[in-house]
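Numbers restart at 1 for each chain; the letters A, B, ... are given by sequence-line order, proteins then strands.
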Number of protein chains: 2
Amino acid sequence: MMIGMTTTIKRRDSGVNLFHALSDVTRLEILERLKDGEQCVCDLTEALKTGQSRLSFHLKVLKDAGLITDRPEGRWTYYALNQEALEELEAVVQALQGSRRGVGSSSRCR
Amino acid sequence: MMIGMTTTIKRRDSGVNLFHALSDVTRLEILERLKDGEQCVCDLTEALKTGQSRLSFHLKVLKDAGLITDRPEGRWTYYALNQEALEELEAVVQALQGSRRGVGSSSRCR
DNA sequence: ATGAGCAATCAACATTCGTTGATCAGTAGA
DNA sequence: TCTACTGATCAACGAATGTTGATTGCTCAT
């Protein structure tokens, strides 16, 4: 099955966004926490022992990348994993592995 | 099955490294090129239409992350995907998805 | 209405990252 | 040996990112 150029480029762009959001220890810790279910910012602040504005910053990065969703309720905001984004991540990573076709057909310089 | 704390932390660290290396368009383009087999820097320079030192910089980032390997031969250096690292990437991503246990058991603030 | 608590946003600053051009080291060929 | 070529490294600069503390907007309870 042939994948069009446009699809490839789009996947690359969304890849950059996702990977950037994931390239920070604090953000990975947040995601790990959220595996147990949705949490409000106050929970996370305590769990990660970090300042509120710092946490808020990282949550925004994750949310902008689509990796988490927020659900404001009263004075709290609950954050949760976005399963869809994780599936897209899977797809992007598998696209990296590639078809493995042509391995060994290395071009030779001269 | 229980995974020890140390393992989790190590995976998180290697995750940060891998994800950071992947969070750049040029570097994703390089990896895509390498799916077709190993290539020397001169090939890549031409293919990506970019400066040599810039390319060298990105290759170093990918190599430091373990995503590619280099094989110097004569005056050329051939780069290739490191399949092992891609497999580890898969593992890290799957760990992100988590066991899905306890979904809905969201802690409630009051 | 007032006060307290949660979370987003802002400004200022520090740090990290990517780019560019130049230089350097190693190799191959004349 | 001398020259040409590949690719790594360096320094300098600019841009993007992350951190901190303060402020703001909202909601709930009194």
Side-chain angles (χ1 to χ4, degrees), chain A residues 12-31 33-34 37-80 106-110, chain B residues 12-13 15-31 33-34 38-80 106-110:
Chain A
R12 195 153 57 209
D13 286 348
S14 82
V16 168
N17 291 335
L18 289 173
F19 290 137
H20 166 254
L22 295 167
S23 67
D24 179 280
V25 190
T26 303
R27 294 198 285 266
L28 289 187
E29 279 172 356
I30 293 172
L31 293 180
R33 289 270 156 193
L34 295 183
E38 66 174 8
Q39 303 236 325
C40 72
V41 179
C42 51
D43 288 336
L44 293 168
T45 308
E46 184 171 354
L48 303 184
K49 298 201 184 350
T50 187
Q52 180 265 321
S53 84
R54 180 169 174 271
L55 188 55
S56 204
F57 168 78
H58 289 295
L59 286 169
K60 183 167 162 47
V61 174
L62 288 170
K63 188 185 152 200
D64 287 348
L67 282 162
I68 58 177
T69 58
D70 61 339
R71 183 176 67 81
E73 181 180 322
R75 38 181 161 171
W76 296 283
T77 303
Y78 293 92
Y79 282 91
S106 55
S107 74
R108 205 131 287 267
C109 293
R110 59 202 79 248
Chain B
R12 195 153 57 207
D13 286 347
V16 169
N17 291 335
L18 289 173
F19 290 137
H20 166 255
L22 294 166
S23 67
D24 179 280
V25 190
T26 303
R27 294 198 284 265
L28 290 187
E29 280 173 355
I30 293 172
L31 295 180
R33 289 270 157 193
L34 295 183
E38 67 172 8
Q39 303 236 323
C40 72
V41 179
C42 52
D43 287 338
L44 292 167
T45 309
E46 185 172 354
L48 303 183
K49 295 200 186 350
T50 187
Q52 181 265 320
S53 85
R54 180 168 174 271
L55 188 54
S56 203
F57 168 78
H58 289 296
L59 286 170
K60 182 167 164 46
V61 174
L62 289 170
K63 187 185 152 199
D64 288 348
L67 282 162
I68 59 177
T69 59
D70 62 338
R71 182 175 68 81
E73 182 181 322
R75 37 180 161 172
W76 295 283
T77 304
Y78 293 92
Y79 282 92
S106 55
S107 74
R108 205 131 290 264
C109 296
R110 58 202 76 249

#### Entry: Donor/acceptor link under 3.5 angstrom from B/Ser56 side chain onto base of D/dG7
no
### Task
Can you check whether any acceptor in the base of D/dG7 is under 3.5 Å from a donor in the side chain of B/Thr77, or vice versa?
no
Starting at [atom1] of [X] and ending at [atom2] of [N], how long is that distance when rounded to a whole Å?
X	N	atom1	atom2	result
B/Phe57	D/dT6	CZ	C1'	20 Å
A/Gln52	C/dA8	CD	P	7 Å
A/Asp24	C/dT15	CG	C1'	13 Å
A/Arg71	C/dA7	CZ	C1'	15 Å
B/Glu38	D/dG7	CD	P	12 Å
A/Leu44	C/dC6	CG	C1'	13 Å
A/Glu73	C/dA7	CD	P	12 Å
A/Arg54	C/dC10	CZ	C1'	18 Å

### Message
Return whichever of A/Leu59 or B/Val61 has its heavy-atom-nearest nucleotide of DNA chain C closer to the 5' end.
### Response
A/Leu59
### Task
Compare every heavy atom of B/Ala21 with every heavy atom of B/Leu67, then report the nearest pair and how far apart it is.
CD1-CB, 3.8 Å
Ignoring backbone atoms, establish whether [X] has a side-chain N or O less than 4.0 Å from OP1 or OP2 of [N].
X	N	result
B/Arg75	C/dA28	no
B/His58	C/dC17	no
B/Tyr79	D/dA8	yes

### Query
Short question: side chain of A/Ser56, backbone of A/Gln52 - any donor-acceptor pair under 3.5 Å?
no
### Query
Is there a donor-acceptor pair under 3.5 Å between the side chain of A/Ser23 and the backbone N or O of A/His20?
yes
#### Entry: Step-by-step side chain to side chain contact (heavy atoms under 4.5 Å, CB included) determination, A/Ile30 to A/His58
CA-CA 9 Å; A/Ile30 293 172; A/His58 289 295; 4.0 Å; yes
### Candidates D/dG7, D/dA22, C/dG18 - which lies nearest the side chain of A/Ser53
D/dA22
### Task
First locate atom CG of A/Leu55, then atom CZ of A/Arg27, and finally report the distance between them rounded to the nearest 0.5 Å.
11.5 Å
### Query
Checking all strands, does B/Gly74 fall into the base, sugar-phosphate, or nothing category for heavy-atom contacts under 4.0 angstrom?
sugar-phosphate
### Task
Between B/Lys60 and A/His20, just flag the one whose closest nucleotide in DNA chain D comes earlier from the 5' side.
B/Lys60
